[in-house]
Amino acid sequence: MPPIQDKHSSQELLQAQVNLWHHALGFVKSMALKCAMELQIPNTIQHHGGLMTPSELATKIGLHPSKLPRLRRLMRVLTISGIFAVHEAASPGKEVVYGLTPTTRLLVGDEVKSNLFPILSLMLDSTVIAPFLGMHSWFLDEYSTSLFKKAHSLNFWEMAEQDDIYNQILNNAMVSDSNFLTDIILRECGDVFLGINSLIDVGGGHGGAARAIVNAFPQMKCTVLDLPHVIAEAPSDVHVSFISGDMFKYIPPENALFLKWVFHDWGDEDCVKLLKNCKEAIPPRDAGGKVINRRYGGWIWAK
């Protein structure tokens with residue numbers, strides 16, 4: 001019997017195989033970035049003037065000489081994906097030189113407003129990654145719990161309440177993300193804050209967003225509402241007040257409410273409950289209330 005003729009060409013079949021490999025091995029790029037961050041490679045290059053050879057980098061981060069070829073492979077993954085830049089050797093026999101890119105510069109330095117290292121650390125933490133390894137069983141499960149809770153028997157926020165290390169990682173991540181996005185929002189959409197006398201950041205963690213807002217609008221009274229274990233670890237601040245509470249039970253009334261990274265964490269019933277509490281907390285327009293629904297970089301305004 002003659003072989004069955006496939007309607008696809010050899011080139012199409014090989015491309016299909018490549019597509020499968022890209023999906024199957026996509027985690028390598030994430031783990032390479034995680035490794036580089038944990039080895040402090042971005043900061044090491046930054047503190048060395050922004051350029052380093054593989055040998056200089058290996059020596060500085062304390063690698064055994066036998067790991068130098070592996071370091072080159074790691075950096076090859078990260079340069080191809082645009083995390084680091086690579087400059088060809090100045091002459092034959094010399095090493096290439098690694099440098100930073102606009103992407104990597106978001107992971108280095110002491111400038112709080114632009115350092116995303118903490119939130120990347122959360123995204124790449126094993127606690128966050130592990131649930132995805134059991135995604136198939138979650139789909140087959142008849143109970144409507146979250147993927148995270150199925151893996152850990154706790155939801156995202158319950159885990160933070162019971163695990164001090166994870167709680168610290170989470171709070172640092174939220175401050176990092178808030179500082180970065182709030183700086184851009186104030187620069188591009190700062191007019192939305194005009195006329196607001198008081199504001200509550202609902203679920204505002206350690207006050208990264210509230211602190212940035214009050215620095216830009218000193219006349220505004222800013223308050224953060226979050227769970228007791230979050231507020232207990234929040235840094236003291238003379239310009240931002242902190243209230244311990246549950247947003248699903250009660251939100252103190254103020255001129256404006258601010259919510260970020262909130263609604264997507266909950267199901268429809270919880271979101272409706274939260275929106276009702278928001279509505280009750282906001283005064284009518286003739287009493288100074290203001291309603292704006294504006295999205296920017298994942299932020300939601302509800303006032």
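Note that the numbering runs from 1 along the sequence shown for the chain. Only a predicted model underlies this, so the values are computations on that prediction, with no experimental measurement involved.
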Under 3.5 Å: donor-acceptor pair, side chain of [X], backbone of [Y]:
X	Y	answer
H48	L51	yes
W138	T145	yes
H152	T127	yes
R211	H206	yes
D226	I231	no
Q168	I165	no
N179	V175	yes
T101	G82	yes

How far apart are the closest heavy atoms of [X] and [Y], and which atoms are they?
X	Y	result
F148	M159	CE2-CB, 4.0 Å
L186	A216	CD1-CB, 3.9 Å
C35	L74	SG-CD2, 3.9 Å
A234	F242	CB-CE2, 3.7 Å
L257	A281	CD1-CB, 4.1 Å
C222	V214	SG-CB, 4.0 Å

Compare all side-chain heavy atoms of [X] with those of [Y] and state whether any distance is below 4.5 angstrom.
X	Y	result
K260	S178	yes
V224	V230	no
F180	N115	no
M174	L170	yes
L154	K149	no
M220	I196	yes

When rounded to the nearest 0.5 angstrom, what distance separates [atom1] in [X] from [atom2] in [Y]?
X	Y	atom1	atom2	answer
H136	D141	NE2	CG	11.0 Å
R187	C189	CZ	SG	11.0 Å
L107	Q46	CG	CD	11.0 Å

If we ignore angles and hydrogens, is there a donor and acceptor under 3.5 Å between the side chains of [X] and [Y]?
X	Y	value
N167	N171	yes
N19	Q15	yes
Q40	N43	yes

Give me the one residue out of D201, L274, L275 that meets side-chain contact (heavy atoms from CB on, under 4.5 Å) with L259.
L274
Which one of M52, R72, E56 satisfies the side-chain contact (heavy atoms from CB on, under 4.5 Å) criterion with E95?
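Exactly one pass, corresponding to R72.
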Applying a strict under-4.5 Å side-chain criterion to I, L, V, M, F, W and Y, I'd like to know whether V77 and L120 cluster together.
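No; tracing contacts between hydrophobic side chains, which count when under 4.5 Å, never links both residues.
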Sub-6.0 Å ring centroid separation between Y98 and F84:
no
